[in-house]
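Data first, discussion second: the structure below is written as structure tokens.
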Amino acid sequence: MGLVIVLFVFITLFNLLYKQLLLDPGNFFSIVTDSMVLRSIWLTLYASFLATLIAVVLGIPLAYFMARHDFFGKQLLEAFIDIPIIIPHTVAGIALFSLLTRKGTVGSVFENLGIVFQDSLWGIVVAMLFVSYPFFVNAAKEGFASVNPNLERVARTLGASQWRSFYNISLPLASPHIVSGAIMSWARGISEFGAVVVIAYYPMIASTMIFYRFNTGGLQESQPIAVLLILICFLTFALFRYFSRKRRR
Amino acid sequence: MGLVIVLFVFITLFNLLYKQLLLDPGNFFSIVTDSMVLRSIWLTLYASFLATLIAVVLGIPLAYFMARHDFFGKQLLEAFIDIPIIIPHTVAGIALFSLLTRKGTVGSVFENLGIVFQDSLWGIVVAMLFVSYPFFVNAAKEGFASVNPNLERVARTLGASQWRSFYNISLPLASPHIVSGAIMSWARGISEFGAVVVIAYYPMIASTMIFYRFNTGGLQESQPIAVLLILICFLTFALFRYFSRKRRR
Amino acid sequence: MISVTHLNNDWDGIFSLKDISLDIKKGEYFVVLGPSGSGKTLLLELIAGIHIPDSGRIDIGKKDVTTESPEHRNVGFLYQDYNLFPHYNVRKNIEYGLRVRKMSKEFIDSRIKELVDIIGIEHLMDRDVKTLSGGEQQKVGLARALAYRPDVILLDEPFSSLDENTKHALIHEMKDIHSREKATIIHVTHSQEESMLLADRIGIMMEGRIVQVGTPEEIFYKPTSVDVARFVKIENVWEARVVTRDEEAMLLRIGDKELVAPPIKVQKGSEVRVIIRPEDIILGHGQVTSARNTFLGKVVSLEKCGFYYMVRVDCGFPVVAAITRRSVDSLGLEPGKNVEVLFKATALHVIEK
Amino acid sequence: MISVTHLNNDWDGIFSLKDISLDIKKGEYFVVLGPSGSGKTLLLELIAGIHIPDSGRIDIGKKDVTTESPEHRNVGFLYQDYNLFPHYNVRKNIEYGLRVRKMSKEFIDSRIKELVDIIGIEHLMDRDVKTLSGGEQQKVGLARALAYRPDVILLDEPFSSLDENTKHALIHEMKDIHSREKATIIHVTHSQEESMLLADRIGIMMEGRIVQVGTPEEIFYKPTSVDVARFVKIENVWEARVVTRDEEAMLLRIGDKELVAPPIKVQKGSEVRVIIRPEDIILGHGQVTSARNTFLGKVVSLEKCGFYYMVRVDCGFPVVAAITRRSVDSLGLEPGKNVEVLFKATALHVIEK
């Protein structure tokens with residue numbers, strides 16, 4: 001019975017891939033080789049990569065600290081980290097735009113530094129970071145939590161400093177979770193539309209491009225881009241599954 | 001260092017709430033009492049509830065089966081269940097629209113049954129179901145997996161049938177996971193924009209309403225709705241945290 | 001009562017059971033004793049119906065239940081970690097089997113009262129199971145399995161998660177509960193101590209096979225193979241040759257020594273193995289004794305082992321004797337000293353090679 | 001070598017240590033013996049520096065390390081589940097402490113070779129630690145902790161996750177390794193057997209306090225309190241009154257019976273407790289003996305306990321004697337029969353009430 005739902009996903013995607021790749025490959029290739037489309041896809045992958053990089057650098061210390069310590073307000077902090085998952089995407093966009101618009105308090109500070117968010121790469125990166133970092137932090141936290149703290153304690157008694165025991169023991173043992181969290185966060189960034197479209201309609205990321213083409217040219221023009229994105233996502237996802245499986249062993 | 005990111009979320013949301021609720025409450029109340037806005041919010045909550053209901057009914061048997069059995073192709077099935085999480089939202093919208101449009105194979109079958117997806121409640125529900133059910137199935141699966149199968153075996157030796165041991169033992173013990181999975185799935189439905197907007201721009205759900213107001217009236221008209229939605233999400237989220245905490249105990 | 005016939009099961013190639021046949025009598029306390037990984041839990045799960053065997057047959061009462069589902073077998077199962085239902089209190093756990101069977105309220109109450117008295121858990125009845133200690137959990141699990149008077153109770157290492165003192169107390173209670181409830185019990189364990197204290201009969205299980213079945217006396221004093229002897233920690237296993245044999249005794253030769261043993265059915269000249277427990281060997285200095293086998297030896301080593309000493313003596317063949325601290329003191333034993341080694345012919349157990 | 005002075009620590013109110021003082025000598029094998037939940041692991045973690053005590057002081061060598069971090073204490077720690085680094089092979093695990101200390105390649109190689117010979121794990125060196133059995137893991141964990149010759153090795157229940165046979169083999173190896181490595185060891189356990197076989201000295205820990213420190217002989221034969229006597233399973237604890245007392249002996253009265261015991265410093269007329277191990281009690285029929293304490297009693301019950309019997313005799317006061325199967329047979333003991341109970345005055349241990 002539950003398979004109905006899986007079948008539904010399968011048919012939905014198969015229907016699209018079949019139509020494009022087998023019934024009308026000519027149209028597919030002409031549209032996906034359009035340089036505007038390719039540029040938007042490249043921008044999406046690149047912006048999401050930057051967002052993930054920031055999430056990894058800022059997230060690892062936070063995840064490690066939260067996995068190892070109990071403190072007053074920890075649950076509140078966990079709640080705060082999860083908030084972006086459940087906030088409607090356009091709401092997140094409005095919130096970010098309100099803060100970072102050139103007229104806003106924070107936005108004007110950044111403008112003086114030469115960084116503009118509205119309709120720019122940085123706006124896209126910030127929107128993607130906002131919606132994707134909880135996925136990274138939670139995965140990394142789970143990774144560190146799965147490492148028995150006694151292993152680090154033993155390393156300490158063996159003569160390793162706190163930093164060294166982290167670097168030799170916890171980090172490598174948590175790395176499958178960290179890598180799969182980073183891929184998840186990257187994929188989440190690629191999939192975002194609502195938050196990005198509010199803060200930066202231009203330059204167009206792939207989701208926006210699909211939406212734009214759908215509104216101007218209907219399915220005919222939007223389906224090929226959708227198919228290309230699905231193929232890219234499958235690739236990322238295969239990577240993700242590979243690391244998840246490794247993690248479970 | 002990692003707190004930068006949490007601070008960023010906090011400031012983003014606080015900035016928005018502060019502006020609307022304290023600096024300009026008059027505008028806030030006039031806009032959020034607008035009947036179009038209220039109708040769109042009600043529609044969002046209702047459609048997401050329907051999507052969650054379908055996910056629960058179809059998802060519990062699937063989750064239970066997957067938690068209890070190892071079979072050939074299980075990992076492929078798990079991958080299929082997770083796909084909607086990583087597919088870009090507008091892509092999901094395009095895929096669903098291609099399948100369910102009145103001219104499509106499946107869409108025309110449903111049209112004969114009197115069910116139309118394009119620009120209708122059912123389109124919204126299907127889009128929400130597509131993006132939210134993996135959250136439910138994964139949570140429920142984790143819930144069933146956390147119940148020691150020996151408990152059911154003991155119940156069987158004590159004379160309970162397979163169905164009764166499921167109903168007496170596994171279901172109640174997994175229920176905190178199931179409830180929090182359902183809330184998560186509901187919240188995910190509420191937050192969706194990209195998939196819904198492609199298949200059903202009308203009737204407008206809250207995300208679409210915000211996007212529309214943002215494009216026509218700028219921040220002035222979109223911020224109040226965003227604030228209202230944030231407040232609703234916080235409420236759902238508080239519920240979610242409550243059940244998660246209960247689960248951990 | 002319970003009979004298992006030519007049972008075979010292969011479980012992921014890790015554990016497997018090979019041609020297991022057993023007959024367990026009504027009211028018997030039967031212990032399956034074997035090292036970990038020998039397939040003991042799997043045997044219980046097959047009897048309970050949690051898995052179905054590849055081949056062979058299982059009868060409970062007079063009914064063939066080989067492919068019957070667990071709820072129709074009327075067995076009670078207690079896993080190693082007891083598996084109480086965590087969302088029920090103690091009373092609801094114990095009542096579960098009776099409620100499922102739709103017994104009347106009166107019957108349930110009177111049966112529970114009776115059980116609770118026997119097992120001594122009246123004070124626990126309204127407790128949350130998460131607050132119970134290991135020993136308390138075990139008692140509640142046992143009560144739950146006994147409640148509906150199953151034809152057989154299956155116990156999977158019931159003492160292995162308890163600390164030493166709790167274990168000893170509960171072993172004695174288990175014996176009492178068994179006799180008061182007149183239950184048929186199959187108990188699997190790797191602990192010789194448990195099997196010795198509890199079993200009416202013991203089946204030794206090694207690598208998926210039952211290699212010997214007998215009373216504790218037979219198992220621990222008369223193992224039928226060297227493997228079993230090793231497992232029950234008999235180090236005195238000597239290779240010998242039969243010199244003469246009549247109705248009453250055999251004369252055996254080990255190296256250049258001769259010893260007298262009870263006769264078994266073998267030819268003169270056959271190779272045999274002689275087995276004797278270290279507790280049955282006496283060390284002394286010129287004592288008057290009825291033992292016909294007396295040898296002079298030299299103490300090789302003394303090893304503390306609990307409150308006793310294991311003394312290794314070389315008398316042409318290696319002998320290990322278990323001696324109390326008192327005897328070690330009064331004989332003044334120490335490595336290098338001479339000592340007399342003696343044992344009764346009847347304490348020897350001879351098996352064919 | 002290691003000294004712990006007035007250590008106090010409260011750990012979430014669950015485990016707490018109360019005023020612990022201990023002095024452990026260089027090369028000593030010291031066992032902390034106590035029931036589970038008495039705070040033993042916490043004590044080791046305080047010595048290792050994993051937690052900092054609320055008050056008190058810890059010295060290792062001649063250095064006060066009370067608030068020092070673990071990596072500057074030079075201790076070796078082996079947790080109950082060994083905690084080998086799962087992403088390193090056996091060799092890298094063992095080398096870790098030496099590499100962190102930046103020892104030369106030559107030194108590391110020669111030290112590892114030496115250790116591997118002593119512990120007997122040469123064949124394991126290139127194995128993935130996930131493929132090791134429990135016993136093998138324990139050996140590798142021990143080698144890792146010994147590699148850099150720490151001032152003290154801390155062992156937390158090192159045998160509790162092993163099966164019985166592996167355990168016995170490894171206990172003997174542990175003794176050997178201790179003497180060959182000349183290591184100072186603190187070993188915590190709840191097993192009397194381990195402590196008896198391994199300890200130079202034992203500290204009994206109960207509810208966060210060290211209640212008695214002594215040699216195994218002192219602990220098991222001369223407990224200084226009723227609690228310790230109970231813990232080491234001495235049931236013979238009799239309340240008595242001192243009738244007379246001189247340099248050589250005391251005459252004690254239990255009910256209407258009198259017995260002779262070695263003198264302790266108490267007033268005539270004081271209440272005392274008399275303790276004797278069941279192994280030190282002899283049962284007989286009119287034997288000639290040097291025991292000055294002889295009583296006539298009636299057998300109450302016989303209880304099998306391993307290969308021995310615990311015989312309860314009522315001779316006006318309750319006596320438990322541990323007797324071999326041989327003696328039970330030759331005396332024809334059974335409940336209701338009369339028997340003589342005798343024990344040497346020197347086997348009695350008297351403590352003030």
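Just so we're on the same page: letters track the sequence lines, and every chain starts at 1.
A pairwise comparison of heavy atoms in B:Pro224 and B:Phe28 identifies O-CE1, 3.3 Å as the closest pair. Contact detail for A:Ser185 and A:Thr52: the closest heavy-atom pair is OG-OG1, 3.4 Å.
Looking at A:Asn215, there are no atoms closer than 4.5 Å to chain B (heavy atoms on both sides), in backbone or side chain. Heavy-atom distances place both the backbone and the side chain of A:Ile85 under 4.5 Å from chain B. Within the 4.5 angstrom heavy-atom criterion, atoms from both the backbone and the side chain of A:Ile11 approach chain B. A:Ile190 touches chain B through backbone and side chain together, each having a heavy atom under 4.5 Å away. For chain B, no part of A:Phe65 is nearby; none of its heavy atoms comes within less than 4.5 Å. Only the side chain of A:Met184 comes within contact range of chain B, with at least one heavy atom under 4.5 Å from a heavy atom of that chain. Heavy atoms of B:Ile87 lying under 4.5 Å from chain A belong to its backbone as well as its side chain.
Of the listed residues (B:Gly194, B:Ala92, B:Ala95), the greatest number of heavy-atom pairs within a distance under 4.5 Å of chain A belongs to B:Ala95. Ranking B:Ala187, B:Ser207, B:Gly93 against chain A, the residue ahead of the rest is B:Ser207, based on heavy-atom pairs under 4.5 Å. Interface summary for chain A: among B:Lys19, B:Glu192, B:Gln223, B:Met66, the most heavy-atom pairs under 4.5 angstrom belong to B:Gln223. In terms of heavy-atom pairs under 4.5 Å with chain B, the best-connected choice from A:Ser222, A:Cys233, A:Ala79 is A:Ala79. Among B:Ile83, B:Val126, B:Ile230, B:Ile232, the residue with the largest count of heavy-atom pairs under 4.5 Å with chain A is B:Ile83. With respect to chain A, the highest number of heavy-atom pairs below 4.5 Å among B:Ile81, B:Val198, B:Thr208, B:Leu16 belongs to B:Val198. Chosen from A:Ile60, A:Leu13, A:Val137, the residue pairing most often with chain B at heavy-atom distances under 4.5 Å is A:Leu13.
Classified by interplanar angle (parallel below 30°, tilted 30° to 60°, perpendicular above 60°), the ring pair A:Phe80/B:Phe10 is tilted. Between B:Phe193 and A:Phe211, the ring planes are tilted. Angles from 30° to 60° get that label.
No side-chain donor-acceptor contact under 3.5 Å links A:Asp82 to the backbone of A:Pro134. Looking at B:Trp186, its side chain does come within 3.5 Å of a backbone N or O of B:Leu45 through a donor-acceptor pair.
Counting heavy atoms from C-beta outward, A:Met204 and A:Tyr202 have side chains that approach closer than 4.5 Å.
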Next on the checklist: If you apply the rule ring pair (Phe, Tyr, Trp, His ring centres under 6.0 Å), what do you find for B:Phe117 with B:Phe97, and how did you get there?
Outcome noted: CA-CA 8 Å; B:Phe117 292 97; B:Phe97 190 68; over 10 Å; no

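For B:Ala238, the side chain to side chain contact (heavy atoms under 4.5 Å, CB included) criterion is met by no residue, not counting sequence neighbours.
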